[in-house]
Amino acid sequence: MPYITKAQRVMIDDGQPPANAGELNYAITKMILKFVGENPSYQRINDAMGALEGAKLEFYRRVAVPYEETKISQNGDVY
């Protein structure tokens, strides 16, 4: 669990968008904990981990790769 202040937690819990990596981690963690529930099972944990991995890969494909390609065009390739 990210160690952000109680005030930051309240702001995120009230729907304010995360302002930094710690707040984003907190928001994601809270969402996953709600999904898993109070009585986690292997299946529920596995489903959550799969969804996180899929979201990570899609974010990389749709956001990180185009950004990196733009930077390669602007600054030249290392290879």
For I32, all residues meeting side chain to side chain contact (heavy atoms under 4.5 Å, CB included), sequence neighbours excluded |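 I28, V36, A48, L52.
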Just jot down the side chain to side chain contact (heavy atoms under 4.5 Å, CB included) partners of E38, sequence neighbours excluded, or say none.
-> none
Flag, side chain of Q16 to backbone of I12, donor-acceptor distance under 3.5 Å =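 No.
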Show which side-chain atoms of residues 65-73 pair as donor or acceptor with protein atoms under 3.5 Å away, not counting sequence neighbours.
residue : atom : partner : partner atom : Å
T70     : OG1  : P66     : O            : 3.0
K71     : NZ   : Q74     : OE1          : 3.2
S73     : OG   : E69     : O            : 3.2

For V63, the hydrophobic cluster (side chain heavy atoms closer than 4.5 Å, chained through members) also holds F59
Honestly curious: do M31 and I4 fall in one hydrophobic cluster under the side-chain, below-4.5 Å linking rule?
-> no
Any salt bridge (Lys or Arg N to Asp or Glu O under 4.0 Å) involving residues 40-54? Give me the pairs, sequence neighbours left out, ordered by first then second residue.
->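 Applying salt bridge (Lys or Arg N to Asp or Glu O under 4.0 Å) to every pair that reaches into residues 40-54, excluding sequence neighbours, yields E53-K56.
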Identify the two heavy atoms, one from R9 and one from Y3, that lie closest to each other, and give their separation to 0.1 Å.
-> NH2-CA, 4.4 Å
Y60, OH: over 12 other non-hydrogen atoms inside 6.0 angstrom =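 Not more than 12 within 6.0 Å, no.
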